[in-house]
Amino acid sequence: MKLGIASDHAGYKMKEYLKKRLREMGFELTDFGTYGEESVDYPDYATKLAEAISKKVIDKGILICGTGIGVSIVANKYPGVRAGIAYSDDVAELIAKHNDANVICFGGRTMTMEEALKRVEIWLNTKFEGGRHERRINKINDLEGRICGNYR
Ligand code: RB5
């Protein structure tokens, strides 16, 4: 599985922590920036990762800003991207099980790094349940088709 990670300045420290830990665990992981703590604009980095998911260059991604909100707004504009903010362990499981989320978002200013790592592991180890949830994902795909045409 190919993973990606990106953040703005508010998520930079958490990005570096998760990157190191996930690489130690053996994951192939592309870093889409930012590469320092200087103030940047989160859309510039969320967009790089979301485009890579949308175009199937990577399979799943992790996005971090101050709250997780800004990066999730950007990511969810891309066809094929389903981004959820894992604000608890249960939610980290549910965004995989019910939403088949291919992007997990965190708040670098609202969560600890250890919480984020635990939630990444939960999310990666949880399978999509399918069934009624698949029907709902299909409705999202139909909607994207109507709105975005053949972007992908
Ligand atoms: C940056 O200060 C902050 O606004 C940003 O990281 C994010 O929280 C926006 O949603």
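Atoms within a ligand are numbered from 1 in the order they appear, just like the ligands themselves. Small disclaimer: the values here were computed from a predicted structure and weren't measured.
- Counting only heavy atoms, the protein gets under 4.0 Å from atom 8 (O) of ligand 1.
- Atoms of ligand 1 found under 4.0 Å from any heavy atom of A10, numbered from 1 in the order shown, are 6 (O).
- Residues C105 and A83 come closest through the heavy atom pair SG-CB, 4.0 Å.
- Remark: I137 pairs with R82, D100, F128, I140, N141 by the side chain to side chain contact (heavy atoms under 4.5 Å, CB included) rule, at least two apart or across chains.
- K48 pairs by the side-chain hydrogen bond (donor to acceptor under 3.5 Å, both in side chains) definition with nothing, not counting sequence neighbours.
- Between Y42 and ligand 1, not a single N/O pair is under 3.5 Å apart.
- A donor-acceptor pair under 3.5 Å links the side-chain atoms of K15 to the main chain of T34, judged by distance alone.
- When heavy-atom distances to ligand 1 are checked against a 4.0 Å cut-off, D8 comes that close only through its side chain, counted from C-beta outward.
- Where the criterion is an N or O separation shorter than 3.5 Å, residue side chain and backbone included, G70 meets it with respect to ligand 1.
- Contact atoms of ligand 1 toward G66: 5 (C), 6 (O), 7 (C), 8 (O) (distance under 4.0 Å to a heavy atom of the residue).
- When heavy-atom distances to ligand 1 are checked against a 4.0 Å cut-off, C65 comes that close through both its backbone and its side chain.
- Side-chain N or O atoms of S72 include one that pairs as donor or acceptor with a backbone N or O of I69 at under 3.5 Å.
- Interatomic distance, CD1 of I95 versus CD1 of I122, reported as 10.0 Å (0.5 Å rounding).
- Within a 6.0 Å sphere centred on CD of E24, heavy atoms belonging to other residues, nucleotides or ligands number more than 12.
- Within ligand 1, the atoms closer than 4.0 Å to a non-hydrogen atom of T67 are 8 (O), 10 (O), numbered from 1 in the order shown.
- Less than 4.0 angstrom separates some heavy atom of H9 from each of these atoms of ligand 1: 1 (C), 2 (O).
- Crowding of K19 atom NZ: a count of heavy atoms from other residues, nucleotides or ligands under 6.0 Å exceeding 12.
- Every N/O-N/O distance between I69 and ligand 1 stays at or above 3.5 Å.
- If you number the atoms of ligand 1 from 1 as listed, the ones under 4.0 Å from a heavy atom of R109 come out as 1 (C), 2 (O), 3 (C).
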